[in-house]
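Throughout, a chain's letter reflects where its sequence line sits, starting with A, and its residues are numbered from 1. Everything numeric in this text was worked out from a predicted model, so none of it was measured.
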2 protein chains.
Amino acid sequence: MSDTRGYHHGDLRRALLSAAVQAIEESGPAALSLRDLARRAGVSHAAPAHHFGDRAGLFTAIAAQGFDTLAEALTDAGDEMLELGMAYVDFAVRHRAHFEVMFHPELYRADDAEVRAARERSGAVLRAGLAHPSTRTRPAADGRAGDDDLAEQQAEVLAAWSIVHGFATLWLAGALPAGLGDDPAVVARSVIRHLYT
Amino acid sequence: MSDTRGYHHGDLRRALLSAAVQAIEESGPAALSLRDLARRAGVSHAAPAHHFGDRAGLFTAIAAQGFDTLAEALTDAGDEMLELGMAYVDFAVRHRAHFEVMFHPELYRADDAEVRAARERSGAVLRAGLAHPSTRTRPAADGRAGDDDLAEQQAEVLAAWSIVHGFATLWLAGALPAGLGDDPAVVARSVIRHLYT
DNA sequence: GCGTGCATCTTGTCAATGACAAGATAGGAT
DNA sequence: ATCCTATCTTGTCATTGACAAGATGCACGC
């Protein structure tokens, strides 16, 4: 029952999460008020506490959901660097609220089990995709696979992650100069390509 | 007089700014409390309002100060891409509080005159440095300087800005995997180099 | 059928906060 | 000396997060 009437809401947790995401998209995580959420859902001011404990608990749930969705989106994107990067930016823009919460660990309990698992999942997809031979800038032609190569590969993942994360963050912050159009994907593509000559 | 006693503080505005920066470094901008600042400075709870109006006013002052300091740091870094990028990351890490406020425009009045001027200053330094011929990946060997070239150059600036901003953000968020050491400069250098083969 | 246990939600309360209003103080200009 | 005004204080209000205690009703056992 997804009905919202009566003493028992029926699906309050989901309703609160959804309202929270919408509220965050409107005015950012800092402005989120538990009492406002309760009002939006039509329940009493203390109802959210039962499902999330406190504010940090709510953000923790959002972060977990976000890392899960990100892992899914990256998986669907395949293992080409360009597509992976585009998927990352696309996720950030389309799930702005989740994205902003995920990378503000002071808002939630980053050591929460669900969050850790979901984060690890998305991290693994990212690393796997970026480590794929076809996407390497230098395909390790010398055959050696020593420590240098490992460190090099890690730096490569970091560079790729940095550029897409940076672009997404700057875009969301409205820090980029005007005149780039309103489609982040178009700009992102030409930016990401710079990492591979 | 930098004394803090008596009815008139003497240098309250500066003291509040300094206390705010320290508080933000400790627990992030969201946790900042004007009343706590007042307590730290030893003044009444309403004293900050006179100098900054409201919370957004305080953040506006911090953002302006931040863009100013950034412009200075980038200017001192010269016009080589690698050094510019390192300076950007260095600024973010050493002035974490300013950096975090600057790129969260929902916290302050982004259209404030001082902020706009300071932001424009730092943006100009960034663009100038990154547009410097010696740092271009492809030095426009064909001689043509058409629209494509302009767009290309802009995308290059965006790519450079994105990678350093992304790295700094991820580092500050503690999102990067452990085992990278504790010196962001070392890692940043090897990350930034990926943008130029 | 029918209690009963427990998750779910409510009401009530408290300290902290941001914002605003009105008044006190002092440093400096005339 | 007097006033003027920036600076700071005291007082107040609505809002919020957190907590405590109680109400409600669904599900399950008998």
Listed in order of residue number, which residues of residues 49-60 of chain B have a non-hydrogen atom at under 4.0 Å from DNA chain D?
B:His50, B:His51

Least distance between heavy atoms, A:Ala168 atom then A:Phe99 atom
CB-CZ, 4.2 Å

Can you check the A:Leu12 CG to C:dA7 C1' distance for me, whole Å?
12 Å

Identify whether any heavy atom of A:Leu37 sits under 4.0 Å from a base atom; if not, whether one sits that close to sugar-phosphate; answer base, sugar-phosphate or nothing.
nothing

Under a 4.0 Å threshold between the charged nitrogen and the carboxylate oxygen, would B:Arg40 count as salt-bridged to B:Glu26?
yes

Atom CG of B:Asp11 and atom P of C:dA26 are separated, to the nearest Å, by 19 Å

If we count only N and O atoms by modelled type, under 3.5 Å, do the side chains of A:His194 and B:Glu156 hold a donor and an acceptor together?
no

Nearest whole Å is fine: how far is C:dA19 C1' from B:His45 NE2?
10 Å

Which whole-number value in Å describes the distance from B:Leu16 CG to D:dT9 P?
10 Å

Given C:dA16, is OP1 or OP2 found less than 4.0 Å from the side-chain N or O atoms of B:Ser33?
no

Are the charged groups of B:Arg193 and A:Glu152 less than 4.0 angstrom apart, N to O?
no

Could you tell me how the ring of B:Trp171 sits relative to the ring of B:Phe167: parallel (under 30°), tilted (30 to 60°) or perpendicular (over 60°)?
tilted

How is B:Arg39 classified with respect to the nucleic acid when contacts are heavy atoms under 4.0 Å: base, sugar-phosphate, or nothing?
sugar-phosphate

Starting at atom CG of A:Asp36, determine the distance to atom C1' of D:dT16, rounded to an integer number of angstrom.
11 Å

Contacts of B:Leu32 meeting side chain to side chain contact (heavy atoms under 4.5 Å, CB included) (sequence neighbours excluded), chain-then-number -> B:Ala20, B:Ala23, B:Ile24, B:Leu37, B:Arg55, B:Leu58, B:Phe59

In terms of side-chain heavy atoms of A:Ala46, which of C:dT13, D:dT12, C:dT10 is nearest?
C:dT10

Could you check how far CZ of A:Arg35 sits from C1' of C:dA15, rounded to whole Å?
12 Å

Is it true that atom CD of B:Glu114 has more than 12 heavy atoms of other residues, nucleotides or ligands lying nearer than 6.0 Å?
no

For a quick test of reading the model: is some side-chain N or O of A:Ser44 closer than 4.0 Å to OP1 or OP2 of C:dC9?
no

